[in-house]
Undergrad: 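This is the structure I want to talk about, given as structure tokens.
From a predicted model like this one, the values you see are computed outputs, not experimental measurements. Lettering follows sequence order; numbering is per chain, from 1. In what follows, every heavy atom counts, from backbone to side chain, and hydrogens, waters and symmetry copies are set aside.
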Amino acid sequence: MRLPGTQTPLPIRAYVVGFIALGLVLLLALSVASIHAFEDLQRRMADNEATLAQQELEAAIQHLFNRMEHSAAMLADHEEVRQQLADPTYYDFWRTHRANTIANTPEWVTDIQLFNFSGRPLMQHGNNQVSSTRTAADTQFVLFRNGQMIGSVTAAAQQEKGTTTDPFGYVRISFDLTEALRNLDFKYADISRLTLGAMERAGSPWSVDRVLQELTVPPLPNADNQAMSSLFFGSLVRFGVIAATLGVILYIGMARLMVRPVRHLAGVVDALRSGGEISPVQQQTLAVSELDKMRRSLLGYHEDLTDANRRLDNTNRELWTLAHKDPLTGFGNRRAFDQKLAQLATEKPKSRIHLVLFDCNHFKAINDTYGHHVGDEVLRAIAKRIQSLLRTEDCLYRTGGDEFACIFTGLDTDAVEEVAARCLHTVKAGNIPGLDAIERVGLSAGIGYVDPSETFDPTLLQRRADVAMYRAKRPGSGFVVRWGTAMAGEAEVLASRRVINAVYRGIEDGHGVEMHYQLVQPLQDETCQCFEALARLRDEQGLVPPEQYFPVLESRGLEVEFDAAVINAVAEDLQSGRLDASNGISVNLSAHTLVRNDIEQLLVPLARFIHRRRLVLEVTETGLVSRLDIARENLRRLRETGFEIALDDFGSGYSSFKYLASMPVDIVKFDISLVHALQFDDHMAPFVADLVEMMHRAGYKLTAEGIETPEMLQQVRGLGFQFAQGFLIGHPYRPQSQTAESPRSA
Amino acid sequence: MRAMPNGLNAVATYTAGEPEKPAVLFVHGFLQTRHFPTVARLGASLRENGYTVLQPILTLRVPERKQSLSCDAVHTHRMDESVSEIVAWVEMLREQGHDQVVLFGHSYGGVQAVAAALRIPDLTGVVGISLADAAHTFGGGNGGNLAERVRDQARAHPGKVRTYRLSHCPKYATPPAAYLSYVKWDRQRILKAVEALDTPVFVIVGDADERMGTDWPSALRLAGARVQRVPGANHFFSAMHEFDLVDEALSVLEMIEATPR
């Protein structure tokens, strides 16, 4: 997992610490939020308690006044009060000794007074007077005196009990309201901190309602609230301690159970990747089963992978051996030989590199005489004997049926020749099982070399060795011939064995002749697609390009035979439906074929397709120059047969317009040099353009060869060419299906 | 309700009975009211028997007194005032047309009835139930010396309230003169009053009532009262003796009615 925006992954410890830290931060945030909520709750509770305290105070005061009013009423109805009101002679005594007793008032009642019906106090020295008119203000009021609130209630004593008229007198009970409040049990109000407000400055009585408005009392300390607060904060602290402890434990636990095992696993992975040893510590079982399972799986997979790699290596070695070893002799084969040469080419040798080719003389005769089994024994014996004379660093290769090669480095030519001579002698001297005792196997050896001053070319080395071998085969050569500069001309002429073999095989039975077809794109109003048939040779080593086999054809005069093979191959492709029936085919004919009297006979395999598709015969300018009359006549007859004639590579050689005009040519194929001149040669371009124009007026169809860019195509199209051919149009290819499609067409 | 000679209103219940039967006026015990069970039940029984019954509550200087006066109250009332109230109630009965009036008094109420009978001419009869003198009421057995002491106090500080001991009132607060008004009605004075009365005097006493001593009934007889003794009854004729009291009261009334005038 990577954090967004980061390039480098973080170690697991960072995640563990981060996770734990995040958890602690969340817990801290939760705690802070809880504290805020709790404090808010406490504030609301405090407000509520303050309200309750105030309400409780008001209720208490009302209760006290009600109680005192009830006591005053009860006292007013008492017969002793009536007695005193009737005869206050002994009122003082009664008030002192009896009034509180019969009133049954609490200790905080400060005074009980009786007043006569007119409101005058019975006491002689009493100066307060009850108003004769009963009002609420007179009934209940509060005085502030000597730091205390004195409440007073007044009740009327009726003449007749139960009536409210004609008061007989009045009873007033005065009580210490402050003390009375202190004697009450308050649940909410803290009476000890009662504040009187403006009442402290009041000189006159206040009504109870006004007193209630003025008095304020704070709430009692809420033990439950305090306990809850202590419990909450204590719990919070404990929770914090527990959380921190858990965090540490979690860190330790995760470090042991996760971080360490994961790092352990990472170490195992590193060790496996680096190919190092798995330490005993890394092999220890992990505490977490899943992680240990991963560890065991990693080790197991690595072991399996190692085994698989080992087996793969073994298989590769076997395959390599099979690919590079000659199964008969056990020594290197052709592939190994070519790879060795390629390796030397990359190494750029600093000394002369020698190649010795050994060829068994008359091996075909031995094979035919004694059978292939003996022939194989002969080859094995030759190989062993040659190898026995080589240095450790010298490798022997079997490059052909009875051919062997050996590459020598670090030796001079004389030493190599001496080794080669010894090989010949040793092979010839020894008996080979299966052969008659008098039969001796002779070898020829050709030594080729390339000096360090020359660019090391494996083909050159092989060619020189071939030339030397060719000389060694001649009678009187001594069978060991080293290459010399005098043989240089022969090397150019002497094509490689491979190419020669490919040519002859192709000529003899058509084996290896492979026709590739390149699209000739119609332009302008032309509609018929045509493909030019291009001959290739293929052997077991791959394609032999024309530049390699043409010299063989020319040097050996095999042009006519090769054309015949090509015609047969094209006919076979047409017959097998490899090419679409709507496509035309153009076949190249050599000059030698062109002047043959039996040319129609040669073209018989192809002529049977004339009426089914367009067939074009391409001839070069060179072919037209020699034996012009025969060529003309042959072409005329072929045109009558139905073939179209195309002049190929026009502009690449000597061409006379007179010759061109006198020849039965339908199509002129402008050579790539003329086509490129149109675009890149400002001096030649006008001439070529005029030539094109002249060809048009002469009635020839023109094909532009070498079209490689869209600009070139556009240009030739603009000039009126009827056909275009080139890599832009399509590469030569061998169709795989029965319908021919150009791999790329413009 | 009726205005009393002391200017205060007093309350009473009045039930008219058969006109040919004498009216009965009950005087309750000291500091009590007509609701006291002894007099209340007897009054109800006499009403049921067709007697006119008047049950007042002596004011004891409490306007319209309806409840018993506590021992701890300031007692400003006097004996003579109570007697005057009784006389006023008899006058009320006379005003109602009752020529024959019998005074019933329980405990010291009987003493008050006897005292009132001295002031009421042509009273048909006086019946004392558990008649008890003032001396025993006022902290028993030491009345003579106490009376003298009280007189001395009354002379020295007539308006000062003092605390004396009453039989069930350990602290009876009263002016000495008021206290004295009760104290002077001792055994001798009671007997002397009984003897002086022309009105027939009956006394119903219980054998279990020894407040006045065991010789009290005989002393009363010697004084001329006819004493009816109820065996086993206490001072209050409580429990089953309530009915004995009723029987005796009816019997006494019959005797009174039978007494030629």
Undergrad: Which residues pass the salt bridge (charged side-chain N to carboxylate O under 4.0 Å, His left out) test with A:Asp190, not counting sequence neighbours?
TA: A:Arg193

Undergrad: Does any part of the side chain of B:Thr76, heavy atoms only, come nearer than 4.5 Å to the side chain of A:Asp87, both counted from C-beta?
TA: yes

Undergrad: Give a yes or no on whether B:Met92 atom CE has more than 12 heavy-atom contacts from other residues, nucleotides or ligands under 6.0 Å away.
TA: yes

Undergrad: Rounded to the nearest 0.5 Å, what separation is found between the CH2 atom of A:Trp94 and the CG atom of B:Asp72?
TA: 13.0 Å

Undergrad: What's the shortest heavy-atom distance between B:Ser70 and A:Glu80, and which atoms?
TA: CB-OE2, 4.0 Å

Undergrad: Taking A:Arg82 first and then B:Glu64, would you say they form a salt bridge - that is, a charged N and a carboxylate O separated by under 4.0 Å?
TA: yes

Undergrad: Given 3.5 Å as the limit, does a donor-acceptor pair link the side chain of A:Glu79 with the main chain of B:Pro63, or not?
TA: no

Undergrad: With a 6.0 Å cut-off (strictly less than), is the heavy-atom count around CD of A:Glu107, excluding the residue itself, greater than 12?
TA: no

Undergrad: Output the distance between atom OH (A:Tyr90) and atom CZ (B:Arg61), rounded to the nearest 0.5 Å.
TA: 7.5 Å

Undergrad: Taking all non-hydrogen atoms of both residues into account, name the closest pair between B:Leu60 and A:Gln83 and its distance.
TA: O-NE2, 4.0 Å

Undergrad: Run the ring-ring contact (aromatic ring centres under 6.0 Å, His included) test against B:Phe36 and tell me which residues pass, sequence neighbours left out.
TA: B:His106, B:Phe236

Undergrad: Just so I understand: if I count every heavy-atom pair under 4.5 Å between each of B:Val74, B:Thr59, B:Leu69 and chain A, which residue has the most?
TA: B:Val74

Undergrad: Looking at A:His70, I'd like to know if its NE2 atom is crowded, meaning that more than 12 non-hydrogen atoms belonging to other residues, nucleotides or ligands lie closer than 6.0 Å.
TA: no

